[in-house]
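Presented below is the structure to which this report refers.
Computed from a predicted structure; not experimentally measured.
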Amino acid sequence: MDAPTTMSAENGTSGDSGGGGGWFTPRKPVAARPGGSDAAGSGERAEHEAEGREAPDATQDHITTGRRTPFTSIRRVGAGGAATTATAEPQGPPASPAAAPLGAGHKPSVRPAPGAPPAPPTGTAAAEAGSPDAIRVRRTLGEIEPVADKVTSYFYALLFTRNPELRALFPAAMDSQRDRLLRALLTAAEHMDDPGVLTEYLQHLGRGHRKYGTDASHYPAVGEALIGALSRYATTTWDEETEAAWVRTYTTISQIMIDAAAENERHAPAWWHAEVVSHDLRTPDIAVVTVRPDQPYPFLAGQYTSLETPWWPRIWRHYSFASAPRSDGLLSFHVKAVPAGWVSNALVHRARPGDVLRLGPPAGSMTVDHTTDNGLLCVGGGTGIAPIKALVEDVAEHGARRPVEVFYGARTDHDLYDIDTMLRLSQAHPWLEVRALVDGRTQLPDAVREFGPWNEYDAYLSGPAGMIRSGVDALRGVGVPYERIRHDSLDELVAAAD
């Protein structure tokens, strides 16, 4: 469930603000999330204390009055066994994708897998479809959505009041963190009756949460805070049956995450230390940062990782790998400093060789299917060219002479900071074509129509959210099936500012 737009550098914020009608600009404005803000800078306003918005009221919350939710049966170690579905019998609370640093850093996939079932219904149809537990959970989520900001603040207030030791697992400024609880819950709830999709999503979250220091003992506390926050604000839909449904759901979700983390611990570290070995400032606000991990780091071209700098502890941001795996083990990232971007500005303007960063595990499924000989239609906008370059190198290393067409988009000529590299690749490989598109001169839909048809191509899009939207529309408009269009999650692009 991990298909995403660019997790390189700017996380899609570049080119998504401001006016203009270019191919970087979405047809519709990116809607603000409940309690959130727009994409640019949403995670980077300093000193925003979520837990201070609304203090828990012991007279209104059942958790503080002694009626504790039965979450203690969640296994403290991953004991293996098949993951249950979201309608399992109660063993503890519904582990939302919100254990410790809740949902932080994960990108739910928006690319359907080959043969995957159709997307679940939305709106009223979705709320009333599925198992009884799923219906109750979705009703609750529908009720709290207008007050999501209050629910999330109250959740963290409960969590930190009852478990102050957990505060150290979270960033000092909670602005970007707060919103991820509801996002993760909505994603899990959407797929409650699709065990395959739900399990894949939660297993990824469980593995990724290891880097925050999350362990199985934290999940009951999170479940209690979650139920406390939901029961306070879902005043019309909450009853004993709904609470029982949430307990079953949270128990199932948390156990999948716990088991995935325990299995992952047997063969992979929680994080990697990586020393900066080179820092190439390509423009005043774009740098190519190359690091050497302290131990082997397996990944696939087209994937991304989460990265933490020593200057902003516990704040992780996503960046795509800018090359296919290399024999020397080095990893490169294209980073664009965005306004108020703590991590991106530190990497562009402060990082130097010798500095040590931390890397989370690789993720993402925007990878090449080497079992087919389909061509690749690649669209990279801004620093979204980074994973596209990696995909080209991957095709070259596999020795297949499959056609690859790259459209490299930018707002200005100056922003085509890696065009020389792409042109050198094109000269070295006759199956590769590279075309530069500058906003205001050539529109992506026009270029797609001009250079098609694309009947025998798989499409890959990486860049700002507006570019992804226009790119998907353009490709669908010329007959490319949606299941052959691969890109990173738009939700994550909107949510992550840095």
Can you check whether Lys211 reaches Arg358 side chain to side chain, under 4.5 Å on heavy atoms? no
Indicate every side-chain donor-acceptor pair of residues 267-277 with a distance under 3.5 Å to a residue at least two apart or in another chain.
from, atom 1, to, atom 2, distance (Å)
His267, NE2, Glu263, OE2, 3.3
Trp272, NE1, Pro296, O, 3.0

Can you find a heavy atom in the side chain of Leu331 that is under 4.5 Å from one in the side chain of Tyr319? no
Please answer whether the main-chain N or O of Ala390 pairs with a side-chain N or O of Asp394 as donor and acceptor at a distance below 3.5 Å. no
Are there over 12 heavy-atom neighbours, none belonging to Arg282, within less than 6.0 Å of that residue's CZ? yes
Nearest heavy-atom approach of Pro387 to Ser462 is CG-OG, 3.1 Å
Is it the case that the side chain of Thr290 and the backbone of Ser278 share a donor-acceptor pair, with hydrogens and angles ignored and the cut-off at 3.5 Å? no
First locate atom CZ of Arg317, then atom OG1 of Thr305, and finally report the distance between them rounded to the nearest 0.5 Å. 14.0 Å
Is there side-chain contact between Trp342 and Thr309, with at least one heavy-atom pair below 4.5 Å? no
Roughly how far, to the nearest 0.5 Å, is the CD1 atom of Ile286 from the NE2 atom of His414? 7.0 Å
Taking C-beta and beyond as the side chain, do Ile388 and Tyr408 meet within less than 4.5 Å on heavy atoms? no
Would you say Arg486's side chain and Thr367's backbone share a donor-acceptor pair under 3.5 angstrom? yes
Where do Phe333 and Val291 come nearest, in terms of heavy atoms and distance? CE1-CG2, 3.9 Å
What one should report as the nearest heavy-atom pair of Pro293 and Gly329 is CD-O, 3.3 Å
Of all residues at least two apart in sequence or in a different chain, which pass the salt bridge (Lys or Arg N to Asp or Glu O under 4.0 Å) check with Arg326? Asp328
With Tyr460, which residues qualify under ring-ring contact (aromatic ring centres under 6.0 Å, His included), at least two apart? none
Minimal non-hydrogen separation, Leu158 against Ala229, with atom names: CD1-N, 3.7 Å
Distance from Thr214 atom OG1 to Leu205 atom CG, nearest 0.5 Å? 10.5 Å
Gap separating the CZ atom of Arg232 from the CG atom of Leu230, nearest 0.5 angstrom: 12.5 Å
Do the side chain of His218 and the main chain of Asp215 share a donor and acceptor less than 3.5 angstrom apart? yes
Side chains of Leu359 and Phe299: closer than 4.5 Å at any heavy-atom pair? no
For the side-chain contact (heavy atoms from CB on, under 4.5 Å) test, which of Val343, Val348, Asn345, Leu307 pairs with Val335? Val348
What distance do Leu416 atom CG and Thr283 atom OG1 have between them, rounded to the nearest 0.5 Å? 11.5 Å
Rounded to the nearest 0.5 Å, how far does CG of Leu202 lie from NE2 of His209? 10.0 Å
Chi angles and distances behind the ring-ring contact (aromatic ring centres under 6.0 Å, His included) call for Tyr304, Phe321: CA-CA 6 Å; Tyr304 57 86; Phe321 300 105; 8.3 Å; no
Quick check: do Trp238 and Ile227 have side-chain heavy atoms less than 4.5 Å from each other? yes
Leu357 vs Leu347, test: side chain to side chain contact (heavy atoms under 4.5 Å, CB included). Steps then yes/no. CA-CA 10 Å; Leu357 314 175; Leu347 289 172; 3.9 Å; yes
Could you pull out the closest heavy-atom pair between Gln303 and Gly364, with the gap in Å? NE2-O, 2.9 Å
Does the Thr152 side chain pair with the main chain of Asp149, one donor and one acceptor, at a distance under 3.5 Å? no
Under 3.5 Å, side chain of Ser470 to main-chain N/O of Met467, donor-acceptor pair present? yes
Does the Glu308 side chain pair with the main chain of Trp316, one donor and one acceptor, at a distance under 3.5 Å? no
Mind listing the closest non-hydrogen atom pair of Pro284 and His349 along with its distance? O-CE1, 3.2 Å
